[in-house]
There are 2 protein chains.
Amino acid sequence: MAKDMTLLWGSGSPPCWRVMIALEEKNLQGYNHKLLSFDKKEHKSQEVLDINPRGQLPSFKHGDNIVNDSYAACFYLESQFKSQGNALIPDSPAEQALMYQRMFEGLVFYEKLNAVIYYKWFVPEEERHDSALTRNKEALATELKLWEGYLKKLGSGSYLAGKSFSLADVTVFPTVAYLFRFGLSAERYPVLGEYYALLKDRPSIKASWPPHWLENTKGQDTLKEI
Amino acid sequence: MAKDMTLLWGSGSPPCWRVMIALEEKNLQGYNHKLLSFDKKEHKSQEVLDINPRGQLPSFKHGDNIVNDSYAACFYLESQFKSQGNALIPDSPAEQALMYQRMFEGLVFYEKLNAVIYYKWFVPEEERHDSALTRNKEALATELKLWEGYLKKLGSGSYLAGKSFSLADVTVFPTVAYLFRFGLSAERYPVLGEYYALLKDRPSIKASWPPHWLENTKGQDTLKEI
């Protein structure tokens, strides 16, 4: 069934990972995929540009339908394969409200993470300011406290929108995994640590774990003091 | 029906406007709402913080369900009131794919607009660089060309995902309206100009038009040269 799908992706990119988790959850294994290298700038290759004029990964195609944005692809897959694999949108209005809300706050979370760990990558050298990086770190710490609180309120063993795994987890888990890969302290953020531990061995997540993280299991300590 | 809904909003904020358009499209007139002033920092008031820990507008509540993010609120309203008012998610997989894709590219579009018109607001004086603002303007121009191309490809009179008005238009139209309010040239971007003209008198959009734009019909010319 998934033979009419193609995913061009990069290892460890949270947006790519979101789509891969969604594909696993919807039992869409067997899709065509190609791992490209950001370092070699393969995301700017003609093969990518043919699908994605922005030259970004993921680039995703299902038949003639192109859905490159990771959130768009997750929504699309859930909508097209509603009754296949795991349902990723809860039925109850309250859980749905929470799911949508957390999914979109997840974009802010991801942005605040990037503004710290990729500050040098995003900002040319002559435009960098210690004051900006300090502010970004403070904003990330504030954000982390929000998410600690959200999960704490739901109680131990909860997913982001409540009792069931949903699109909120599909889209936000890769950000959480990145945080710990970059040295976030599970002692300082125990509830996020518990959430990470709850999800990291889930089959869809394990099956799509970034290959270069498997090769090199040691992460960085950039976020140790956050 | 909409008496159990409350929207706290600010005039001319594209995220607030998205939710207001969705409410109109779903025939949910009659909701409680309160116009707050960003200038007076009313978005940081306790009334907002009680609903929205981020202290941002929109802040939206339906019964006990809180959905503050504008995209989340649009999805939630469409899901909860699927058969009421206008259907905002097309049935055909191809149009659905395009709708999701354009919605999420719409967030990039909005961000690139803000990075130009609110550069001084976002960046403290001592961290500003002409080189950064120039780069942001170039990025906005590139983005505008993408959207001109998207609409051109669909043909005259099209909405963003094809023949029917959808969540893509609900979420992206306010960005387009902002562009023209800030002086974008419809001669330079004729297809976007045509799209703007097609939508600006749609009942849901007219009913939710920013009140301070009605009071002061003259915009700014910030984007004249883009």
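FYI, side chains are in, hydrogens and waters are out, and symmetry mates aren't considered; it's all heavy atoms of this structure. To find a chain, count down the sequence lines: A is the first, B the second, and so on, and within it residues start at 1. Everything quoted here is computed from the prediction, not taken from an experiment.
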Mind ranking A:R135, A:M99, A:M103 by heavy-atom pairs under 4.5 Å with chain B and telling me who comes out on top?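 So the answer, after comparing A:R135, A:M99, A:M103, is A:R135.
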
Option in A:E143, A:Q101, A:E127 with maximal non-hydrogen atom pairs under 4.5 Å from chain B: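 If we count pairs closer than 4.5 Å to chain B, A:E127 comes out on top.
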
Please look at [X] and chain B and tell me whether the side chain, the backbone, both or neither of the residue comes under 4.5 angstrom of a heavy atom of that chain.
X: A:F60; value: neither
X: A:P53; value: side chain
X: A:L107; value: side chain
X: A:R54; value: side chain
X: A:L146; value: side chain
X: A:V108; value: side chain

Just checking, A:R102 and A:F109: is the charged tip under 6.0 Å from the six-membered ring centre and within 45° of the axis?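 Geometry flag: not set, cation outside 6.0 Å or 45°.
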
B:H129 and its side chain to side chain donor-acceptor pair (under 3.5 Å) partner, picked from A:H129, A:E126, A:R128: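 Among the candidates, only A:H129 passes.
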
List the atom of B:V48, the atom of B:S59, and the distance in Å for their closest heavy-atom pair.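 Closest approach of B:V48 to B:S59, heavy atoms only: CG1-OG, 3.5 Å.
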
Name the option with the most non-hydrogen atom pairs under 4.5 Å to chain A; the candidates are B:A94, B:G149, B:S70.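 Looking at each of B:A94, B:G149, B:S70 in turn, B:A94 comes out on top.
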
A:Y189 ring center within less than 6.0 Å of A:W147 ring center: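 Ring-ring flag for A:W147/A:Y189: false, centres at least 6.0 Å apart.
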
So for atom NZ, which belongs to B:K152, do other residues, nucleotides or ligands contribute more than 12 heavy atoms lying within a distance under 6.0 Å?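 Check fails, neighbour count at 12 or below.
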
Do A:K61 and A:I66 come within less than 4.5 Å of each other through their side chains, counting heavy atoms only?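 Yes, close enough: below the 4.5 Å cut-off.
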
Indicate yes or no: does B:E225 engage B:K137 in a salt bridge with an N to O separation below 4.0 Å.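 So B:E225 does not pair with B:K137 through a salt bridge.
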
